[in-house]
2 protein chains.
Amino acid sequence: MTDSVREAVQEKLANGIFNCPKELTLSMISGKWKINILYHLGTDGPYYFYELQKLLPAASRKEITAKLKELVEDGLVNRKPLKTVPVKVQYSITPLGKSLMPIIDAMLKWGQQRLDDLQLGQVEFGLGKVKHE
Amino acid sequence: MTDSVREAVQEKLANGIFNCPKELTLSMISGKWKINILYHLGTDGPYYFYELQKLLPAASRKEITAKLKELVEDGLVNRKPLKTVPVKVQYSITPLGKSLMPIIDAMLKWGQQRLDDLQLGQVEFGLGKVKHE
DNA sequence: CGGAATCCAAAAAGATACTG
DNA sequence: CAGTATCTTTTTGGATTCCG
């Protein structure tokens, strides 16, 4: 759904009848993998595309591509293709994207607290290597 | 998509391999209309179902029903059917839901700032009655 | 390597009708 | 009033292939 939120917001912006600021914010960070990408780029510095793929093993290339594209369109992420062979593309967070980090951090804290309350915070990470997204 | 985020999170919780707290938070507030609902319930007090419908004119009954159901399941919202004829159902925010309000408010502020920067903040609300969600 | 294009299965969402 | 059920259309997402 979340992407439909984004589309609805885009349309409202285009028509100048946008009147719900929190929707704008949500539309920019929701969508599959988006806050994961933002979080990684915002805390660990720039990543190449193939590195993001490794960081998000459950996401398909198609989806990562699509979400990065949206993030770039929304001004939250920079895209920088390098003239190497084969091509590498570096993604980094923009100042605007950086300004969202307090909100993402707050979500991280709230989620951690909630997990603790559910007594799942200390859970074992069973299956060998767990992908920490 | 966002609902798929929620499902993925539910599954992780069920399997005890949940390790990404911010996803938990996002999964609870993203999804069409959810933060609108939470915001209304959290700031204006309880609402009946039909009132929420009026507040979200662009949302179908089916969707509002579905999202309220998820919010109740997640413990963010209370559902209280009244024994009237015809039936009325009152929805209110829970303490847990209330604890999300700082994040939602931060999103509201960020979005407002962003709109101002885009010089769309003072835009006229053209089309007669604008649904303020 | 990073992406775009295509095809196809699955999921989401609108419209409508029905019920306590 | 507040849903539920059914049907149909639209949208998504995976898998695969091709290209610079």
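Within every chain, numbering begins at 1; the chains are lettered A, B, ... in the order of the sequence lines, protein sequences first and strands thereafter. The figures here come from the full heavy-atom set of this structure, side chains too, leaving out hydrogens, waters and symmetry mates.
- In this structure, B/Phe49 and A/Ala59 both approach DNA chain D, and ranking their closest nucleotides by distance from the 5' end singles out B/Phe49.
- When the nucleotides C/dC1, D/dC1, D/dT17 are ranked by their closest atom to the side chain of A/Tyr50, C/dC1 comes out on top.
- Note that CZ of A/Phe49 and CZ of A/Arg61 are 7.0 Å apart. Values are rounded to the nearest 0.5 Å.
- Atom pair A/Glu70:CD and D/dT12:C1' shows a separation of 12 Å (rounding to whole Å applied).
- Taking for each of A/Val87 and A/Thr65 the nucleotide of DNA chain C with the nearest heavy atom, the 5'-most of the two is the partner of A/Val87.
- Here B/Arg79 reaches the OP1 or OP2 of D/dG3: one of its side-chain N or O atoms lies under 4.0 Å away.
- Atom CD1 of A/Ile64 and atom P of C/dC1 are 13 Å apart (whole Å).
- A/Glu51 places its CD atom 11 Å from the P atom of C/dC1, with the value rounded to the nearest Å.
- Listed candidates were C/dG3, D/dG13, D/dG3. Nearest to the side chain of A/Lys62 is D/dG13.
- Atom CG in A/Leu68 sits roughly 14 Å away from atom C1' in C/dC1 (whole-Å rounding).
- In this structure, A/Trp33 CH2 and A/His40 NE2 are separated by 10.0 Å, a value rounded to the nearest 0.5 Å.
- Between the CG atom of A/Leu52 and the P atom of C/dG2 there is a distance of 9 Å, given to the nearest Å.
- Rounded to whole Å, the distance from NZ on A/Lys67 to P on D/dT12 is 8 Å.
- Side chain of A/Glu51 to backbone of A/Tyr48: a donor-acceptor contact under 3.5 angstrom is found.
- Put simply, CZ on B/Arg61 is 13 Å from P on C/dC18, counting in whole angstrom units.
- The phosphate of D/dG14 has OP1 or OP2 within less than 4.0 Å of a side-chain N or O from A/Ser60.
- Look at A/Lys80 and you won't find any side-chain N or O under 4.0 angstrom from OP1 or OP2 of C/dG2.
- Separating the NZ atom of B/Lys69 from the P atom of D/dG3 is a distance of 10 Å, rounded to the nearest angstrom.
- Contact annotation: B/Tyr91 side-chain N/O to D/dG3 OP1/OP2 distance is under 4.0 Å.
- Looking only at distances, no side-chain donor or acceptor of B/Ser27 sits under 3.5 Å from a matching main-chain atom of B/Arg6.
- For A/Ser92 (side chain) and A/Pro46 (main-chain N/O), no donor-acceptor pair under 3.5 Å exists by modelled atom type.
- Of all nucleotides listed (D/dA2, D/dG3, D/dG14), D/dG14 comes nearest to the side chain of A/Glu63.
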